[in-house]
Amino acid sequence: MTRFDPPHPILGVSIAVFREGRVLLSTRTKPPSTGVFSLPGGRVEAGENLEETALRELEEEVGVKAKIIAFNRFVEMIAPQAGSEMRQHYVVLSFVGTWISGEGSPGPEAGEVLWAEPRQLVHLNTSPHLDAVVEDAFKILRSKNLV
């Protein structure tokens, strides 16, 4: 029987920030998906609302500020813990945002930082479902005439 640690899903957020038609990506420096490109984001802290978490994580991870435009979609990941038989279950709620300031820079949780054209994603090593999340986010921006 598979064991989970913790024994419940972990709630996180991410944000697809767009600037001049490009989306902000960074490589992860911690599990899960260490070393692959993903959207900035992280765990929701108790008492913090989802949008606050997305904007906080964005600034902490890559030094960028953005305006949230809309909720995009959720992604679920059930992943093994590094070097363990335990697994973790993540539910990540993803938002769409537009860039306000900051070029994006590496930090403790973000390695390489890249502003990528959505069509470039097929050539990158990315976290699961990233291409679909970015495609849906771009559609939302287009529907609001923001790209």
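None of the values given here were measured: they were computed from a predicted structure. The figures that follow rest on heavy atoms only: side chains count, while hydrogens, waters and symmetry mates do not. Along the sequence shown, the residues carry numbers beginning at 1.
With E52 contributing its side chain and N49 its backbone, the two residues share a donor-acceptor pair below 3.5 Å. In terms of modelled atom types and a separation under 3.5 Å, the side chain of Q88 and the main chain of D5 share a donor-acceptor contact.
A distance of 9.5 Å separates CD1 in I15 from CG in L24, rounded to the nearest 0.5 Å. For the atom pair CD1 (I100) and NZ (K67), the distance works out to 8.0 Å, reported to the nearest 0.5 Å. Distance check, rounded to the nearest 0.5 Å: OG of S101 to CZ of R19 gives 9.5 Å.
Closest non-hydrogen pair, T53 versus E45, comes out as OG1-N, 4.4 Å. Of all heavy-atom pairs between K144 and A70, the closest is CE-CB, 4.3 Å. Closest approach of S94 and V133 over heavy atoms only: OG-CG1, 3.5 Å. L55 and A66 make their closest contact through CD2-O, 3.3 Å (heavy atoms, listed as atom of the first residue, atom of the second, distance). Looking at every heavy atom in both residues, L58 comes nearest to K65 through CD2-C, 4.2 Å. Nearest heavy atom pair, residue T27 against residue G35, reads CG2-O, 3.8 Å.
Cluster annotation: L93 and L39 are assigned to distinct hydrophobic clusters (Ile/Leu/Val/Met/Phe/Trp/Tyr, side-chain heavy-atom contacts under 4.5 Å, transitive). A continuous path of hydrophobic side-chain contacts links V75 to V96 [ILVMFWY only; heavy atoms under 4.5 Å]. Under a hydrophobic clustering in which Ile, Leu, Val, Met, Phe, Trp and Tyr are joined whenever their side-chain heavy atoms come within less than 4.5 Å, directly or via other members, V147 and L25 fall into the same cluster. Cluster membership check: M77 shares its hydrophobic cluster with L124, using side-chain heavy-atom separations under 4.5 Å among Ile, Leu, Val, Met, Phe, Trp and Tyr. Hydrophobic clustering of Ile, Leu, Val, Met, Phe, Trp and Tyr side chains at less than 4.5 Å, counting indirect connections, unites L50 with F74.
By the 4.0 Å N-to-carboxylate-O rule, E109 lies too far from R28 to be salt-bridged with it.
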Please list, one pair per line, the donor and acceptor atoms closer than 3.5 Å that link side chains of residues 125-132 to other protein atoms, with sequence neighbours excluded.
from, atom 1, to, atom 2, distance (Å)
S127, OG, S38, OG, 3.2

Using atom types as modelled, flag every donor-acceptor pair under 3.5 Å from a side chain in residues 134-141 to any protein atom, sequence neighbours excluded.
from, atom 1, to, atom 2, distance (Å)
E135, OE2, K139, NZ, 3.4
D136, OD2, R73, NH1, 3.0

Please report, to 0.1 Å, the donor-acceptor pairs under 3.5 Å made by any side chain of residues 111-123, with sequence neighbours excluded.
from, atom 1, to, atom 2, distance (Å)
W115, NE1, E103, O, 2.8
E117, OE1, R119, NH1, 2.7
E117, OE1, R119, NH2, 2.6
E117, OE2, R22, NH2, 3.2
Q120, OE1, E117, N, 2.6

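Residues E48 and R56 are in side-chain contact: their nearest non-hydrogen atoms beyond the backbone lie under 4.5 Å apart. At least one side-chain heavy atom of F4 sits under 4.5 Å from a side-chain heavy atom of I78.
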*side chain to side chain contact (heavy atoms under 4.5 Å, CB included) assessment of V64 paired with E59*: CA-CA 5 Å; V64 169; E59 191 165 5; over 6 Å; no
_Show, in sequence, the C-alpha distance, side-chain angles and deciding distance for I69 and F18, and conclude whether the side chain to side chain contact (heavy atoms under 4.5 Å, CB included) test is met._
CA-CA 10 Å; I69 301 303; F18 286 85; over 6 Å; no
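Within the structure, no pair that satisfies the ring-ring contact (aromatic ring centres under 6.0 Å, His included) test touches residues 33-65, not counting sequence neighbours. Under the salt bridge (charged side-chain N to carboxylate O under 4.0 Å, His left out) criterion, no residue pair touches residues 34-44, with sequence neighbours excluded. Among residue pairs with one or both ends in residues 46-72, those qualifying as ring-ring contact (aromatic ring centres under 6.0 Å, His included) are F71-F95; sequence neighbours excluded.
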